[in-house]
Chemist: 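Would you mind keeping the following structure in view while I ask a few things?
Computation of the quantities below employed the complete heavy-atom set of this structure, encompassing side-chain atoms and omitting hydrogens, waters and symmetry-equivalent molecules.
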Amino acid sequence: MRGADFEVPFTSGERTRCVIRGGALSSLDELATEVGLPGKGALIADEGLLSTRHGAALLRYGETRLGRLIARPVREERKSLGEAEAMCEALMDRGLGRDGFVVAVGGGVLTDLAGFAAAIYLRGVPWVSVPTTLLAQVDAGLGGKTGANLRGGKNLVGAFHQPRLVVCDPEALATLPVRELWSGLAEVVKCALLAPQEDADGLPLLERCERDLEDAALGKPGVLAALVAACLRMKARIVASDEREGGARAFLNLGHTVGHAIETATGYQRFTHGEAVALGLRAALRLSHGRKLLDVPSLQRALDLVARLKIGADRRLSADERGAALAALSRDKKARAGKVRFVLLAGLGGPRVEEASPDECARAVEASLS
């Protein structure tokens, strides 16, 4: 199984090392030292990992400078300022000083929250991102977007705080439920539509997805390693040039505009994040075609791939839920002067951001559910 090891330099001067390596979950202490983090650490992990085969490896860090595991019961509905505060209290109880650092191990909710806690504790301490879900490895782990939800929507409070190190262990994905793997593959497909020619272990990323999507959903580490490395390299190029989402970084939100709105409208209870993104991709593709940006062959190729993403929830929304989704669209972080902005595709691999009218927003929501 091939991996990858590369560094991402940001315009701010920050640097993030990315390591994709089987078994890396057992080398966090050593890897932290290699990136210049010699002080005391605090390991914050999703408590659900303790019941997997990876629990023993995490508990062993109690005998190292990372100390006894801080296990947190995180999930989307607990992605709150209260949970970030609880993490900061745990760091204070641990006695973590300015020369310390945080290691965040878990899915995207955990890494977002623990990264946010690292950003605000003592006005900022370094941190290491160790995403253990496919969704987080290809999306939340890299880029420094940390934060929490408010009642009105996802990720409406947070900070940019670049991790010193991102560690992706493909073997950690073997314990994921099938639904979680499919959820992560929605983000992989998103990356393939944004950068279809990105090298994925000798094949263009889009072709790799078309060939290996179902094998990836079976948790095959070699296939997953190729997809994760390709997606991370693509994201690294974008975030390195646009650290705070002032331009091209917004392209990474392809499918997320409607996806986030659907998550909000259903109270984060029905769909996984990746399932909502898969629905949002359908909306973005249809809107791109409606604006004559995407020709029929490209549209059909993209829709055929998106249709292979399995959604384990009833996609029918009530009239009230549809209304709530449209209301959430108006509060989207990408909205400007009350106008909703969508990431569209001017051909596969040609993202652009355009404003949408209320009627187009309504049609986009309907297209996502059809």
Chemist: Would you check if the side chain of R208 reaches a backbone N or O of A200 as a donor-acceptor pair within less than 3.5 Å?
Modeler: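 Flag set: sc R208 to bb A200 pair under 3.5 Å.
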
Chemist: Under 4.5 Å between any side-chain heavy atoms of R270 and E263, yes or no?
Modeler: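 They are not in contact (no side-chain heavy atoms under 4.5 Å apart), so the answer is no.
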
Chemist: Just verifying a value: how many Å separate S129 OG and D112 CG, rounded to the nearest 0.5 Å?
Modeler: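 Spacing of OG (S129) from CG (D112) equals 8.5 Å.
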
Chemist: If you measure only the distance, is there a donor-acceptor pair under 3.5 Å linking the side chains of T52 and T175?
Modeler: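 No, no side-chain donor-acceptor contact under 3.5 Å.
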
Chemist: Hey, is the main chain of A284 close enough, under 3.5 Å, to the side chain of S288 for a donor-acceptor pair?
Modeler: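 It does hold such a pair.
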
Chemist: Please write out which residues are connected to V102 in a hydrophobic cluster, directly or through intermediates, given that two of Ile, Leu, Val, Met, Phe, Trp, Tyr count as joined at side-chain heavy-atom separations below 4.5 angstrom.
Modeler: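 For the cluster that includes V102, the remaining residues are I44, I70, V74, M87, L91, M92, L96, V109, L110, L113, Y121, L122, V125, W127.
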
Chemist: Which pair of non-hydrogen atoms, one from F271 and one from R315, has the smallest distance, and what is that distance?
Modeler: CZ-CA, 3.8 Å

Chemist: Walk me through whether R17 and E7 qualify under salt bridge (Lys or Arg N to Asp or Glu O under 4.0 Å).
Modeler: CA-CA 4 Å; R17 180 183 173 190; E7 192 170 68; over 6 Å; no

Chemist: Just so I know, are the side chains of L348 and S298 near enough to count as touching, which here means a heavy-atom distance under 4.5 Å?
Modeler: yes

Chemist: If only side-chain N and O atoms count, and only distance matters, is there a donor-acceptor pair under 3.5 Å linking H256 with E187?
Modeler: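 The answer is yes; a qualifying pair exists.
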
Chemist: If you measure from CZ on R164 to CG on L31, what distance do you get to the nearest 0.5 Å?
Modeler: 14.0 Å

Chemist: Considering all heavy atoms of both residues, which atom of D242 and which atom of A248 are nearest to each other, and what is their separation?
Modeler: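 Result for this residue pair: OD2-N, 3.0 Å.
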
Chemist: Please check this pair: side chain of K190 against backbone of N253, looking for a donor-acceptor N/O pair closer than 3.5 Å.
Modeler: no

Chemist: Could you please spell out the steps behind the salt bridge (Lys or Arg N to Asp or Glu O under 4.0 Å) verdict for R286 and E366?
Modeler: CA-CA 10 Å; R286 291 290 187 186; E366 291 304 315; over 6 Å; no

Chemist: In the structure I gave you, are the side-chain heavy atoms of H273 and H260 within less than 4.5 Å of one another anywhere?
Modeler: yes

Chemist: Classify the side-chain pair R363/S357 by whether it contains a donor and acceptor separated by less than 3.5 Å.
Modeler: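 No - no donor-acceptor pair under 3.5 Å links their side chains.
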
Chemist: Examine the side chains of T133 and E180 and answer whether a donor and an acceptor come within less than 3.5 Å of each other.
Modeler: no

Chemist: Could you check whether any side-chain N or O of Y61 sits under 3.5 Å from a backbone N or O of A42, counting only pairs where one atom can act as donor and the other as acceptor?
Modeler: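 Looks like no, no N/O pair under 3.5 Å.
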
Chemist: Side chains of E355 and E360: does their closest heavy-atom pair fall under 4.5 Å?
Modeler: no

Chemist: Report whether V167 and L227 are members of the same hydrophobic cluster (ILVMFWY, side-chain heavy atoms less than 4.5 Å apart, transitive linking).
Modeler: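 Cluster IDs for V167 and L227 differ.
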
Chemist: Any link between L252 and L135 through a network of hydrophobic side chains (Ile, Leu, Val, Met, Phe, Trp, Tyr) touching at under 4.5 Å?
Modeler: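 Hydrophobic grouping puts L252 apart from L135.
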
Chemist: Of all heavy-atom pairs between A117 and A84, which one has the smallest distance, and what is that distance?
Modeler: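 Of all heavy-atom pairs spanning A117 and A84, the closest is CB-O, 4.1 Å.
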
Chemist: Could I get the full list of salt bridge (charged side-chain N to carboxylate O under 4.0 Å, His left out) partners for R249, not counting sequence neighbours?
Modeler: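 Partners of R249 under the salt bridge (charged side-chain N to carboxylate O under 4.0 Å, His left out) test: none.
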
Chemist: Can you see whether E76 engages N149 through a side-chain donor-acceptor pair at a distance of less than 3.5 angstrom?
Modeler: yes

Chemist: One pair to check against salt bridge (Lys or Arg N to Asp or Glu O under 4.0 Å): D212 and K220. What are the steps and the verdict?
Modeler: CA-CA 10 Å; D212 292 344; K220 295 185 178 181; over 6 Å; no

